[in-house]
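Please read the structure below before turning to the comments.
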Amino acid sequence: MGTTSARRWILHLDLDQFIAAVELLRHPELRGRPVVVGGSGDPTQPRTVAATATYEAREHGVHSGMPLRTALRRCPEAVFLPSDPPAYEAASARVMAVLRDFPVLVEVWGWDEAFLGATTDDPEALAAALQHAVRARTRLDCSIGIGDNKHQAKLASGFAKPAGIHRLTGDNWAETMNHRPTDALWGIGARTAKKLAALGLRTVAQLAAADPAELARHFGRTNGPWYRYLALGKGEAEVVTTPWIARGHSRETTFTYDLTDPAEVPRHITDLAERVTRDAADAGREIIRVSVKIRTTPFLTRTRQAKLPAPTTDPATVTRAALDLLGRHDLTRPIRLLGVAVEYTMPDP
DNA sequence: TCTGGGGTCCTAGGACCC
DNA sequence: TCTGGGGTCCTAGGACCC
C-alpha cells in the first residue's frame with residue numbers, strides 16, 4: 001500500500017457463517033448440503049425461526065430469521081439442526097483466545113465478532129496473519145475489515161466476505177459509500193431509512209450533505225446529527241478491553257400456541273421472574289427495576305415497568321413486583337409471549 | 001415469511017419540585 | 001391565585017443490532 005510508517009488502525013473480525021460453521025465441524029458429513037440451524041431443530045414447530053442457514057440452503061431462498069416451517073417448504077431436503085448456544089460460546093472463546101495472542105487490543109462484540117486496535121504499517125499483513133492463526137487453531141474462517149474507526153472497519157468486514165480482507169478509510173469512503181442507500185450504514189435500519197427517504201435523503205451522499213439542525217428536528221438532537229456523522233464515515237475509534245458490564249437482563253417465552261387461560265399467566269410470570277433473579281444473583285448483580293412484557297395477537301406488544309424502592313436480589317420481591325405489573329396489563333386477548341426484564345444497579349466507576 | 005431471544009440507547013410526555 | 005419556568009425523575013415505546 002506504500003505506507004511507510006506505523007499508525008493506528010481499527011480492525012473488525014467477523015467469523016463467516018459462524019453457527020453453521022461450528023455445526024459443520026461437528027457434522028462433517030453435512031458439508032455441501034443445505035443445513036438450517038434453529039430452535040429445537042424441528043421444522044414443523046410453529047413460531048421458531050432459523051438462527052442461520054448454509055450457502056446451500058440460501059440458494060433455496062432460506063435465510064436467518066425465517067420461520068423454520070417456511071424454510072422446510074422452500075427447501076424440503078434441508079437438514080435441520082437444533083441451536084446449541086453453549087457450543088457456540090465455547091467456539092467463540094477459542095477464537096478470542098487466538099486474537100489475544102497477537103499484539104492487539106481486543107474488544108469482544110458478541111459470539112462471532114471482535115474489534116481490534118493495532119499499530120502497524122501493514123494492516124493487511126496483520127489481518128492475513130490473524131486469519132491464518134484463527135483458521136489453524138479453530139478451523140473457522142473469518143473476514144476482516146480495516147478502518148480508521150469501528151464503523152468503517154465493521155462495514156469493511158462485510159465487503160470482505162467470505163474469508164477476505166478489505167480496507168475502508170477516509171481515503172476511499174466517499175467512492176465506496178456515497179452511492180449506497182442510507183441503511184448500508186451501521187446504525188441506520190429500515191425504519192430510519194424510510195423516514196430519511198421521505199425527506200429526500202436516499203443515499204449516503206445526500207445524508208452527509210444534509211443540514212444537522214433539520215435532522216435534529218426530525219430525529220432528535222442526538223440521533224439526527226449522529227446519522228449525518230455516520231454518513232461522513234465517522235465513528236467510535238476506542239477499543240475497550242475491559243469486560244462489558246450488563247445494564248440489565250431478561251427472559252421471555254413465545255408460546256407455540258397462544259395462552260388463552262388467564263389463570264395460567266401468573267405461573268409463567270413467576271417462573272420468569274425467578275429465573276431472571278437467579279441469573280442476576282449468579283452474575284452478582286442487584287435489581288433496581290422490573291418490567292413485564294406481553295405480546296398478544298395480533299403481534300401487539302406492551303410493557304409495564306416499575307422501579308423498586310431499593311435494590312434487591314430477593315426472588316420473592318422481584319416476583320411480587322412482576323405480578324403487580326401483570327395486574328396493570330390487559331389480559332383479555334390470547335397471549336403469544338410473556339417476558340420479565342430487570343435493570344441492574346450499576347457499580348461505581 | 002404469521003413474524004425468536006437477548007440486548008442497548010434514545011425520545012417524549014407527565015409528575016413533581018423549587 | 002387567574003401565574004412562569006427550569007430541572008429531574010419516571011415510564012412507555014421505538015429503533016437498532018447480533
Side-chain angles (χ1 to χ4, degrees), chain A residues 12 14-15 17-19 37-40 43 45-53 60-75 82-83 85 88-89 92 108-115 150-151 154-155 157-158 182-183 185-196 216-227 230 236 244-258 272 275-276 279 283 288-309 325 328-329 334 336-344 346:
Chain A
H12 179 255
D14 199 337
L15 291 158
Q17 296 271 288
F18 174 60
I19 292 173
V37 183
S40 57
Q45 193 81 341
R47 299 180 179 176
T48 306
V49 302
T52 190
H60 294 260
V62 177
H63 54 79
S64 64
M66 173 178 282
L68 291 187
R69 295 208 292 187
T70 308
L72 178 62
R73 215 179 309 131
R74 294 200 176 186
C75 188
S83 174
Y88 314 142
E89 190 79 58
S92 175
V108 176
W109 202 268
W111 277 342
D112 58 346
E113 293 181 42
F115 286 103
K150 289 179 179 174
H151 181 210
K154 167 83 185 172
L155 296 185
S157 70
T182 55
D183 60 3
L185 300 169
W186 187 39
I188 294 186
R191 293 294 178 87
T192 304
K194 198 172 170 187
K195 283 192 211 164
L196 287 166
R217 279 201 292 112
H218 284 95
F219 299 95
R221 56 196 192 87
T222 303
N223 288 339
W226 182 61
Y227 295 153
L230 290 180
E236 179 65 52
W244 177 256
I245 298 171
R247 268 57 173 164
H249 178 62
S250 67
R251 293 276 186 178
E252 62 185 52
T253 309
T254 293
F255 301 100
T256 307
Y257 300 100
D258 286 344
L272 290 164
R275 279 179 73 187
V276 163
D279 295 337
I288 188 59
R289 175 182 299 279
V290 180
S291 165
V292 168
K293 173 163 143 184
I294 296 189
R295 178 173 292 152
T296 55
T297 48
F299 214 75
L300 196 72
T301 307
R302 289 280 176 270
T303 61
R304 290 289 177 271
Q305 56 174 285
K307 189 175 182 198
L308 299 176
L325 291 163
R328 293 173 43 203
H329 274 283
R336 179 189 175 93
L337 170 149
L338 289 173
V340 173
V342 297
E343 192 179 300
Y344 294 146
M346 289 302 285

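We name chains A, B, ... by the order of the sequence lines, and we start the count at 1 in each one. In this text the structure is predicted, and so the values were computed from the model without any measurement.
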Can you tell me how far the [atom1] atom of [X] sits from the [atom2] atom of [Y], to the nearest 0.5 Å?
X	Y	atom1	atom2	result
A:Met66	A:Thr48	CE	OG1	14.5 Å
A:Arg69	A:Gln45	CZ	CD	8.5 Å
A:Tyr227	A:His218	OH	NE2	13.0 Å
A:Ile294	A:Leu337	CD1	CG	9.0 Å

Nearest whole Å is fine: how far is [N] [atom2] from [X] [atom1]?
X	N	atom1	atom2	result
A:Phe255	B:dG5	CZ	C1'	14 Å
A:Arg47	B:dT1	CZ	P	19 Å
A:Arg251	B:dG7	CZ	C1'	13 Å
A:Gln45	B:dC2	CD	P	16 Å
A:Ile19	B:dG5	CD1	P	15 Å
A:Glu343	B:dT8	CD	C1'	11 Å

Aromatic stack A:Phe299/B:dT3: centroid gap under 5.5 Å, interplanar angle under 30°
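By the stated criterion, A:Phe299 and B:dT3 stack.
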Which residues pass the side-chain hydrogen bond (donor to acceptor under 3.5 Å, both in side chains) test with A:Asp258, not counting sequence neighbours?
A:Arg47
Looking only at atom types and distance, does a side-chain atom of A:Arg247 sit under 3.5 Å from a main-chain N or O of A:Ile245, one as donor and one as acceptor?
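Yes, because the side chain of A:Arg247 sits within donor-acceptor range (under 3.5 Å) of the backbone of A:Ile245.
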If only atom types and distance count, is the side chain of A:His249 paired as donor or acceptor with the main-chain N or O of A:Ala283 below 3.5 Å?
no
N/O (side chain, [X]) to phosphate O (OP1/OP2, [N]) under 4.0 Å:
X	N	value
A:Ser250	B:dG5	no
A:Trp244	B:dT8	yes
A:His249	B:dG7	yes

Mark yes when over 12 heavy atoms from residues, nucleotides or ligands other than A:Leu300 sit less than 6.0 Å from its CG; otherwise mark no.
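Check passes, neighbour count above 12.
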The dot-bracket string of DNA chain B, counting Watson-Crick and G-U wobble pairs with both distances under 3.5 Å, using [ ] for crossing pairs and | for pairs to another strand, is ....||||||||||||||
Using atom C1' in both nucleotides, what's the gap between B:dC16 and C:dG4 to the nearest angstrom?
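Each nucleotide's C1' atom is 16 Å from the other's.
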Between A:Gly65 and A:Gly220, just flag the one whose closest nucleotide in DNA chain B comes earlier from the 5' side.
A:Gly65
Is the A:Tyr88 ring parallel, tilted or perpendicular to the A:Phe18 ring (thresholds 30°, 60°)?
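Geometry flag for A:Phe18 against A:Tyr88: perpendicular rings.
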Could you run through nucleotides 9-18 of chain C and give me one letter per nucleotide, 5' to 3': B if any protein heavy atom sits under 4.0 Å from the base, S if only the sugar-phosphate is that close, - if neither?
-SSBS-SSSS
Sugar-phosphate, base or nothing in reach of [X], heavy atoms under 4.0 Å:
X	answer
A:Arg69	nothing
A:Ala341	nothing
A:Gly39	nothing

Nucleotide of B:dT1, B:dG5, B:dG4 approaching A:Glu252 most closely (side-chain heavy atoms)
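Looking only at heavy atoms from C-beta outward on A:Glu252, the closest nucleotide is B:dG5.
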